[in-house]
There are 2 protein chains.
Amino acid sequence: MISQTEENYLKALWNIISNKGEASVNELSKQLEIKMPTVNSMMKRLAEKGLVIYESYKPLKLTDKGKKQAALIIRKHRLTEMYLVEKMGFGWEEVHDIAEQIEHIQSPAFFEKMDELLGFPKVDPHGSPIPDKTGKIEAEQYIRYIKLSDCREGDTVTFMAVSHSSDDLLKFLNSRELSLGSKIKVRSIEPFDDSMTVSYGGRKAEMLSNKVCDKLLVRPA
Amino acid sequence: MISQTEENYLKALWNIISNKGEASVNELSKQLEIKMPTVNSMMKRLAEKGLVIYESYKPLKLTDKGKKQAALIIRKHRLTEMYLVEKMGFGWEEVHDIAEQIEHIQSPAFFEKMDELLGFPKVDPHGSPIPDKTGKIEAEQYIRYIKLSDCREGDTVTFMAVSHSSDDLLKFLNSRELSLGSKIKVRSIEPFDDSMTVSYGGRKAEMLSNKVCDKLLVRPA
DNA sequence: GTAATATGTTAGATTGGTCTAACAAAATTA
DNA sequence: TAATTTTGTTAGACCAATCTAACATATTAC
Ligand SMILES: [Mn+2]
Ligand SMILES: [Mn+2]
Ligand SMILES: [Mn+2]
Ligand SMILES: [Mn+2]
């Protein structure tokens with residue numbers, strides 16, 4: 001009914017909308033690395049199918065049906081990432097590309113089994129929430145984490161999620177042994193470049209650039 | 001480089017060739033439920049790509065490159081089936097359709113990991129051999145099993161594989177608690193319909209139709 | 001408020017993967 | 001061997017998914 005290609009468009013739309021509030025043809029085009037005219041006609045097709053609300057020159061929206069479909073693909077993606085890390089021994093920096101493919105597998109039983117074997121996890125290995133079977137994200141998880149870069153000297157916080165997880169960032173965090181759940185204390189902030197010196201786990205004075213701190217989502221103690 | 005669609009053609013070709021010695025456009029067409037003209041043009045494409053040897057009105061062949069590619073897809077299929085049964089708790093009758101999709105995942109690391117977690121299995125849950133990483137099937141596994149239907153009264157054999165495993169057959173075998181590795185003794189053969197009365201495991205006198213016996217591959221004791 | 005730039009749309013081409021209809025060759029049957 | 005049936009091929013259509021080129025509208029800068 002809905003193709004792999006269409007699923008990828010839906011998912012990208014969902015991601016943009018939940019980060020920035022609304023989506024444009026231009027952004028989608030950049031995100032997917034597909035030219036604007038192609039995106040434009042795909043939006044019309046998805047509108048035909050009742051998944052997207054398309055009006056010329058207006059921001060793109062998802063219908064409720066579209067939101068649900070998208071969330072269910074995200075669910076499959078995140079369950080897969082969790083499974084790969086927890087049950088197969090992959091590192092959190094290795095799983096995205098595999099999940100990008102497995103999210104399109106058509107087999108409710110397969111993902112049911114994953115969910116079960118994992119004990120019905122609420123978040124993926126990068127701290128992002130896993131939508132439930134109806135496409136909803138539990139209220140508790142709407143809690144808006146704050147960026148580490150928005151913290152002040154002396155703050156103590158818990159590292160909860162990575163906002164835009166690139167391979168390079170994840171490998172950097174691996175190298176500093178900074179993982180989800182770590183309690184981080186902000187020792188000092190360098191006024192010149194906003195870099196932070198923090199302590200956590202065994203590490204007593206790690207320096208993190210502002211670019212890094214901007215990607216780390218934390219919960220105040 | 002090679003699409004999911006092309007992979008399915010290659011695999012079907014490989015299966016037909018290894019069962020019947022050679023393949024025709026007609027057989028491929030039936031197997032894949034795709035009309036002959038479509039198959040015909042796909043064969044030309046795969047010939048272009050050096051995977052198939054195509055000559056008008058002659059039987060279809062795979063090149064060495066084609067054989068290897070096909071075997072590597074079969075490898076992914078069978079490793080997946082084994083993983084689903086051994087590590088995720090699926091029944092042997094549930095895994096084929098999922099494997100049919102997962103076999104197309106592009107990620108050497110993913111299948112490496114499966115192989116490793118499974119302890120480098122040599123056969124899939126239906127007793128079919130798993131090609132190695134170079135696409136070869138180990139010599140030992142070339143052993144030609146015989147059909148249970150070719151056995152005689154009094155023979156004792158080990159159930160090694162299912163030849164054409166349909167859902168219905170596998171469910172039937174489940175219901176009779178007849179699984180791979182069972183030692184089967186042929187008690188009697190009914191001359192009228194060639195049905196067999198056999199004993200194995202806890203069961204002392206199970207009646208198996210000729211249609212069933214024809215699908216069970218066994219190794220003489 | 002006009003000019004320049006960025007964003008969005010339309011038109012038309014291309015490729016992959018499928019089909020049906022018509023024709024051709026090979027195999028089977030009479 | 002001739003007729004019939006089965007198998008294989010060619011031609012031409014269609015839809016999904018992509019592109020480039022050209023044009024239209026909105027936004028931003030001056
Ligand atoms: Mn991901
Ligand atoms: Mn994807
Ligand atoms: Mn199978
Ligand atoms: Mn397949």
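In this text the structure is predicted, and so the values were computed from the model without any measurement. Each chain gets a letter, A, B and so on, in the order its sequence line appears, and its residues count up from 1.
- Rounded to an integer number of Å, the gap from A:K44 NZ to C:dT9 P is 7 Å.
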Detail all sub-3.5 Å separations between protein N/O atoms and N/O atoms belonging to nucleotides 18-21 of chain D.
unit_1, atom_1, unit_2, atom_2, d
D:dT18, OP2, A:Y9, OH, 3.2
D:dC19, OP2, A:K35, N, 3.0
D:dC19, OP2, A:T38, OG1, 2.9

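- When rounded to the nearest whole Å, the span between CG of B:L28 and P of C:dT18 equals 12 Å.
- Among residues at least two apart or in separate chains, salt bridge (Lys or Arg N to Asp or Glu O under 4.0 Å) pairs with a member in residues 91-100 of chain A are A:K11-A:E100.
- Taking the ring-ring contact (aromatic ring centres under 6.0 Å, His included) definition, one finds that B:H96 meets it with B:H77, sequence neighbours left out.
- Regarding A:M43, its CE atom lies at a distance of 17 Å from the P atom of C:dT7, rounded to whole Å.
- Among residues two or more places apart in sequence or in another chain, the salt bridge (charged side-chain N to carboxylate O under 4.0 Å, His left out) test is passed with B:K215 by none.
- Taking the salt bridge (charged side-chain N to carboxylate O under 4.0 Å, His left out) definition, one finds that A:K44 meets it with nothing, sequence neighbours left out.
- Proximity of residues 50-60 of chain B to DNA chain D (heavy atom under 4.0 angstrom from any strand atom) is restricted to B:Y54, B:S56, B:Y57.
- Counting heavy atoms from C-beta on, the side chains of B:L79 and B:P121 come closer than 4.5 Å.
- Atom pair B:I2:CD1 and C:dG16:P shows a separation of 13 Å (rounding to whole Å applied).
- Counting to the nearest Å, the C1' atom of D:dC15 and the NZ atom of A:K49 are 11 Å from each other.
- Residue pairs meeting the salt bridge (Lys or Arg N to Asp or Glu O under 4.0 Å) criterion with at least one partner in residues 23-39 of chain B, sequence neighbours excluded, are B:K20-B:E27.
- Between the C1' atom of C:dT10 and the CG atom of A:N40 lies a distance of 9 Å, rounded to the nearest Å.
- Scored by the side-chain contact (heavy atoms from CB on, under 4.5 Å) test, A:L217 finds A:Y145, A:K147, A:A161, A:S163 as partners (sequence neighbours excluded).
- Taking A:W92 as the reference, A:N174 meet the side chain to side chain donor-acceptor pair (under 3.5 Å) condition, with sequence neighbours excluded.
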